[in-house]
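First the structure, in the form of structure tokens, and then the observations on it.
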Amino acid sequence: MRHRSSAVPLSWLYGALIVYASLYPFVGWRIPGVGPLDFLLLGWPRYWTSFDLVANLLGYLPLGFLLFVALVRGGRRAGAAALLACAGGALLSLAMEILQNYLPHRVSSNVDLILNAAGTAIGVAIGTLLHWRGGIAQWQKLRDRWFVARSAGGFALLVLWPIGLLFPTAVPFGLGHVLGRIQPLIVDILADTPAASLTEGWAVTVAPAVGAAPAALTSTTELSIIVLGLLAPCLVAFTIAIPGWRRTALVIGASLIGAATTTLSTALNFGPAHAFSWTTPQALEALAIGSGAAMLLSLVPRRVAAGFGLIALTALVMLVSQAPADPYFAQSLQGWEQGRFIRFHGAAQWVGWFWPYAALTYLLVRLAAREPRS
């Protein structure tokens, strides 16, 4: 039987993450002096570490698992799904290794290709074993008890939300801080063109004077960002969750997962000793207010929840755009961009920046669609 599976959008997103991690920083493209497939005949690389082995093996494991689950839940037989998933992972790895020929900071490797293909196969094997043991069918039953039909998109957003929180935010739970990152790109693109006048005044926002103290957010604005940052995923969840105690459980889960992820992000950026530095009295008060508001809104119908979600996300994006990049925030951003957290470091920043916009789009589509049955 065919099912709408969140594994489909998640597999596409994970594939995009692999492309990003494999080709970042996307600069310096040139024509190499070797053939694109010559790397296949190379011997064992001279410099190799156990980390490289584990990273290349495990990096493709989730892709194999997601592809297999997406194909099986889409109606494919397990054998055909396994073959297609293995082939998909291997072909993606081959494409990335070929493209790395054209990047000066990357080295194509046949060993990487083998390990990536093996990692995909391991993920497929895990999915196959889970399928044979009835795990996927049990998951479908569990999902049917918790969520309405056509909930794949919303469920994928809920999975991505804590990933976005891993990237440092100027304010806890303050996803969507993308304006300051897009402005420099637009300034560079329009430089020396007739449209450059449209970006006058942006330089002040993009590059504040050296030594200038950033304008601090008011306590009310900071509290509002945290409250809205917790409300947003809860309201997305209410559009797909069956009313009742399940929504209450989702609010509790969102609060705990959000706090745990923010703690992990702080520990990664500033050290374990500062893991709980974000838990100021005001932040904890905001979490309590956000949880209480989410509990009350858990009683509203799905379409009403979608409407409140649009309001909350719009307000969140507007308030987050005002959040200054203080020196600690800028330092943590620099650490991520220089690759302190392996080559997948860039994925969380894109999720964190664009999650609110993806959620806004999803809620608009949800409001326009016919109401699914519980």
Side-chain angles (χ1 to χ4, degrees), residues 1-14 62 65-78 81 123 126-165 230-261 290-310 312 355 358-359 362-363 365-374:
M1 182 182 297
R2 301 187 61 178
H3 297 282
R4 294 176 180 267
S5 174
S6 55
V8 174
L10 289 175
S11 59
W12 278 104
L13 289 169
Y14 195 83
F65 178 81
L66 288 171
L67 285 174
F68 175 81
V69 173
L71 289 166
V72 166
R73 286 175 57 77
R76 297 276 185 178
R77 292 183 179 273
I126 294 173
T128 304
L129 179 61
L130 188 65
H131 175 63
W132 284 345
R133 297 296 297 269
I136 295 179
Q138 290 298 321
W139 163 248
Q140 182 60 44
K141 292 179 181 178
L142 178 64
R143 181 168 162 174
D144 289 341
R145 289 198 296 267
W146 278 72
F147 301 106
V148 299
R150 300 199 303 273
S151 60
F155 191 81
L157 283 171
L158 296 180
V159 172
L160 292 173
W161 176 66
I163 296 176
L165 289 178
L230 178 59
L231 270 178
C234 291
L235 289 167
V236 170
F238 297 162
T239 65
I240 61 174
I242 295 175
W245 63 269
R246 295 170 182 82
R247 290 187 176 185
T248 302
L250 288 172
V251 172
I252 296 173
S255 303
L256 294 176
I257 292 174
T261 309
S291 299
M295 290 289 188
L296 292 175
L297 289 171
S298 68
L299 303 174
V300 304
R302 285 189 286 271
R303 286 187 179 275
V304 177
F308 276 115
L310 290 173
W355 188 91
Y362 172 79
L363 291 177
V365 172
R366 199 79 188 184
L367 280 173
R370 187 174 62 182
E371 184 76 1
R373 293 178 299 173
S374 299

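Keep in mind that what you see is a predicted model, and the values were worked out from it rather than measured. Index from 1, following the sequence. Only heavy atoms go into these numbers, but all of them, side chains included; no hydrogens, no water, no symmetry mates.
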Drop me the distance from [X]'s [atom1] to [Y]'s [atom2], to the nearest 0.5 angstrom.
X	Y	atom1	atom2	value
Gln140	Gln138	CD	CD	11.0 Å
Leu130	Phe68	CG	CZ	8.5 Å
Leu296	Leu231	CG	CG	10.0 Å
Leu160	Leu165	CG	CG	11.0 Å
Ile252	Ile257	CD1	CD1	11.5 Å

For [Y], does its backbone N or O pair with a side-chain atom of [X] as donor and acceptor, under 3.5 Å?
X	Y	result
Thr261	Gly258	no
Arg303	Leu367	yes
Arg246	Arg145	yes
Arg247	Phe238	yes

Quick one: does [X]'s side chain get under 4.5 Å of [Y]'s, heavy atoms only?
X	Y	answer
Leu250	Leu158	no
Tyr362	Thr239	yes
Leu10	Tyr14	no
Met295	Cys234	no
Ser291	Leu230	yes

- Can you tell me if CH2 on Trp132 sees more than 12 non-hydrogen neighbours from other groups inside 6.0 Å? no
Which atoms form the tightest heavy-atom contact between [X] and [Y], and what is the distance?
X	Y	result
Ala78	Val72	CA-CG2, 4.3 Å
Ala70	Val8	CB-CG2, 3.8 Å
Gly309	Leu363	C-CD1, 3.6 Å
Leu157	Ala359	CD1-CA, 3.9 Å
Ser6	Phe155	OG-CD2, 3.2 Å

- Item | CA sep, side-chain torsions, deciding dist, call: Val236, Arg366, side chain to side chain contact (heavy atoms under 4.5 Å, CB included) | CA-CA 10 Å; Val236 170; Arg366 199 79 188 184; over 6 Å; no
- Message: Determine whether Val69 and Trp139 satisfy the following criterion, side chain to side chain contact (heavy atoms under 4.5 Å, CB included), listing intermediate values before the conclusion.
- Response: CA-CA 11 Å; Val69 173; Trp139 163 248; over 6 Å; no
- Message: Ring-plane angle category for Trp355 and Trp161, please: parallel below 30°, perpendicular beyond 60°, tilted otherwise.
- Response: tilted
